Amino acid sequence: MQSIRSVLFTAAAITLLLAALVFTASLALALAGIAAVVAIGSAIAARLNGRPAQARARAASSRQAREMRIWNDGRGTIIDL
């Protein structure tokens, strides 16, 4: 009687371990799938955005060629750079 009980408990434990293994594997696979979808979506969104435009300073010669104009139109001083 003791050996039959041991065999049944062992079989039940193995069954529970296999069920836990399948459940854990399915959760891991689902999380990996979600992470893959988010990564692919992020990559596609990054490709759709345009490249940022580079800001460049004007050459020193073009700044010196233009003079700063200052005048008063009666409502305030206007400074044109």
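FYI, side chains are in, hydrogens and waters are out, and symmetry mates aren't considered; it's all heavy atoms of this structure. Computed from a prediction, not measured in an experiment: that's the story for all the values here.
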Pairs of donor and acceptor atoms involving the side chains of residues 9-16, under 3.5 Å and at least two apart or interchain, shall be tabulated with distances.
residue, atom, partner, partner atom, Å
T10, OG1, S6, O, 2.7
T15, OG1, A11, O, 2.7

Donor-acceptor pairs under 3.5 angstrom involving side-chain atoms of residues 34-41: please list them, not counting sequence neighbours.
none

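For R47, there are no salt bridge (Lys or Arg N to Asp or Glu O under 4.0 Å) partners at least two apart in sequence or on another chain. With sequence neighbours excluded, the residues satisfying side chain to side chain contact (heavy atoms under 4.5 Å, CB included) with L48 are I44. Under the rule for a side chain to side chain contact (heavy atoms under 4.5 Å, CB included), the partners of T77 that lie at least two apart in sequence or sit in another chain are I70, N72, I79.
Applying the salt bridge (Lys or Arg N to Asp or Glu O under 4.0 Å) definition to pairs two or more places apart or across chains, those involving residues 70-79 are D73-R75.
In this structure, F23 belongs to a hydrophobic cluster whose other members, linked by side-chain heavy atoms under 4.5 Å apart, are L27.
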